[in-house]
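In listed order, ligands and their atoms are each counted from 1. Just so we're clear, the structure is a prediction, and the values are computed from it rather than from any experiment.
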Amino acid sequence: MGKKVTVVGAGFYGSTTAQRLAEYDVFDTVVLTDILDGKPAGLALDINQSRPIEGFETKVIGATTGPNGEGYEAIEGSDVVVVTAGLPRKPGMSRMDLLEVNAKIVRQVAENIAKYAPNAVVIVVSNPVDEMTALAQLATQFPKNRVFGQAGVLDTARFTNSIAETLAVPVKSVKALTLGSHGDTMVPVPSRCTVDGKPLSDLLPAEKIEELVVRTRNGGAEVVALLKTGSAYYAPSAAAARMAKAVIEDSGVVLPVCAWVEGEYGISGVYLGVEAQVGREGIKKVVEDKLTDTEIAGLKEAAEAVRAKQADVANL
Ligand code: APR
């Protein structure tokens, strides 16, 4: 049947994710869906027409879906489904302001994924992502390792980019990490940041590192404020597409993702940004590493902040 990935939501985030996935040329088919009539089909045709120029064979199929699951046959047999459906922020909004409206959308999408692609690994990116991931797991009833969210790959990329710009070094010299929530309780982890192997704390004063940490935490809002309409999608789609690639290649690569934790760092029963090995079954294993006491305290604070909200989504 071939390798198949579906991207639900053909807005900015979804269409760029579909494009990146097609250009990787590791799937046979990318299905792009939306509730808008014609839009996913038009974007699919447009991406397919770039194949001779970019030199990839993956075929993109666009499908319009209806409120009662019409059109969802197109996702049948998907190995991976990336959920981008939902509203983006406007300037001044927090991700949490999207909770109710996006919960309705993500629940409906997740129920249809369970029905039409019961073996898929689900990657959630709709915001607020920590809550939408928990909701997608509830609504699909998939094993928790098969549902996870995108946050840390993006936040880490933002942190890395800022460090590289500040020190005027290539991005590839920088290793950085962010954990916690994709929001106010994000936990950038300076103790795990190095530049050409040297600890970041040897290269920048503590106040400057704190400034970069704050900028990382507000990374999404900074883009939203500049765009005026809509939110970021180039770096977010790069993150989501990489995660889907890690799944289909069963690479086992360790990525910071929003995963279900059970005892790691003394935290249990919550979806939280942690490092995990990603592969064919979704999350192979949450990886615990040495963090400072302050960083662990930050992670626990993030867990408590998202725990209550994640419980609320059961009723949305
Ligand atoms: N099923 C499929 N698609 C849907 C549904 C649904 N039930 N409801 C809405 N959509 C579609 C919209 O029609 C729109 O095309 O989701 C798309 C969202 O696209 P944009 O408005 O361009 O938003 P985008 O920037 O892609 O962000 C999507 O990702 O980063 C998050 O906060 C962001 O939650 C937002 C999501």
Side-chain angles (χ1 to χ4, degrees), residues 6-21 31-44 61-72 74-75 78 81-117 122-133 135-136 139-140 149-155 157-158 181-183 186 218-241 243-244 258 313 316:
T6 290
V7 180
V8 180
F12 287 110
Y13 199 149
S15 56
T16 41
T17 301
Q19 180 198 358
R20 291 186 191 283
L21 286 168
V31 177
L32 181 61
T33 76
D34 204 287
I35 50 172
L36 299 175
D37 184 32
K39 185 166 186 193
L43 290 167
I61 294 169
T64 293
T65 57
N68 300 311
E70 302 90 338
Y72 266 92
I75 82 161
S78 295
V81 179
V82 182
V83 179
T84 80
L87 301 193
R89 296 194 261 178
K90 295 194 173 74
M93 277 174 99
S94 86
R95 292 186 180 94
M96 204 50 81
D97 295 333
L98 301 167
L99 185 69
E100 293 199 5
V101 52
N102 282 354
K104 288 197 176 58
I105 294 171
V106 169
R107 179 180 287 280
Q108 189 250 346
V109 167
E111 286 170 356
N112 283 303
I113 294 170
K115 201 158 154 200
Y116 290 91
V122 178
I123 299 173
V124 180
V125 313
S126 309
N127 275 315
V129 74
D130 304 282
E131 288 69 22
M132 293 305 109
T133 306
L135 175 57
T140 54
Q150 190 300 115
V153 177
L154 169 61
D155 298 328
R158 287 177 169 155
S181 80
H182 191 46
M186 189 187 297
N218 298 329
E222 188 179 349
V223 176
V224 170
L226 290 164
L227 292 179
K228 313 280 193 300
T229 68
S231 54
Y233 52 95
Y234 285 114
S237 62
M243 289 163 61
C258 176
V313 295
L316 291 177

Next on the checklist: Is there a polar contact, in the sense of an N or O pair closer than 3.5 Å, between Y72 and ligand 1?
Outcome noted: no
Next on the checklist: Quick check: L98 and ligand 1, any N/O pair under 3.5 Å apart?
Outcome noted: no
Item to check | V8 neighbourhood, listing ligand 1 atoms whose heavy-atom distance to it stays under 4.0 Å | outcome: 2 (C)
Item to check | Heavy-atom closest contact (Q150 atom, Y13 atom, distance) | outcome: NE2-OH, 3.4 Å
Item to check | Protein residue, atom and distance nearest to atom 13 (O) of ligand 1, heavy-atom basis | outcome: D34 OD1, 2.7 Å
Checklist entry - N/O of T33 under 3.5 Å from N/O of ligand 1, yes or no? => result no
Checklist entry - What residue and atom, counting heavy atoms only, is the protein's closest point to atom 28 (C) of ligand 1, and at what distance? => result T84 O, 3.0 Å
Item to check | Polar proximity ligand 1 side, S126 side, N/O cut 3.5 Å exclusive | outcome: no
Checklist entry - Where is the nearest protein heavy atom to atom 4 (C) of ligand 1: which residue, which atom, and how far? => result A85 CB, 3.6 Å
Checklist entry - Out of V81, T84, I75, which one pairs with V8 under the side-chain contact (heavy atoms from CB on, under 4.5 Å) rule? => result V81
Checklist outcome for this item: Ranked by distance from atom 32 (O) of ligand 1, the top protein heavy atom is N127 ND2, 3.0 Å
Next on the checklist: Within the 3.5 Å criterion, strictly below it, is a donor on S237 or T17 matched to an acceptor on the partner's side chain?
Outcome noted: no
Checklist entry - What atoms of ligand 1 come within less than 4.0 Å of a heavy atom belonging to L36? => result 13 (O), 15 (O)
Next on the checklist: For ligand 1, which is the ligand I care about here, please tell me if F12 has any N or O atom under 3.5 Å from one of the ligand's N or O atoms.
Outcome noted: yes
Checklist entry - Does an N or O anywhere in T65 fall below 3.5 Å from an N or O of ligand 1? => result no
Next on the checklist: List ligand 1 atoms under 4.0 Å from N102, heavy atoms only on the residue side.
Outcome noted: 34 (O)
Checklist outcome for this item: Any heavy atom of R95 under 4.0 Å from ligand 1? The part involved is neither
Checklist entry - What's the shortest heavy-atom distance between A235 and L154, and which atoms? => result CB-CD1, 3.6 Å
Item to check | Enumerated ligand 1 atoms positioned under 4.0 Å from heavy atoms of Q108 | outcome: 7 (N)
Checklist outcome for this item: So for L87 against ligand 1, with non-hydrogen atoms under 4.0 Å, the contacting part is backbone
Item to check | Shortest reach to atom 21 (O) of ligand 1 by a heavy atom, considering only P88, G11, A63 | outcome: P88
Item to check | V125 neighbourhood, listing ligand 1 atoms whose heavy-atom distance to it stays under 4.0 Å | outcome: 29 (O), 31 (C)
Checklist entry - Can you list the atoms of ligand 1 that are under 4.0 Å from a heavy atom of V109? => result 1 (N), 7 (N)
Item to check | Any pair counted as side chain to side chain donor-acceptor pair (under 3.5 Å), so long as it reaches residues 98-116, sequence neighbours left out | outcome: none
Next on the checklist: Can you confirm whether the side chains of H182 and D155 place a donor and an acceptor under 3.5 Å from each other?
Outcome noted: yes
Checklist entry - Which residue supplies the protein heavy atom nearest to atom 16 (O) of ligand 1, what is that atom called, and how far is it? => result G86 N, 3.5 Å
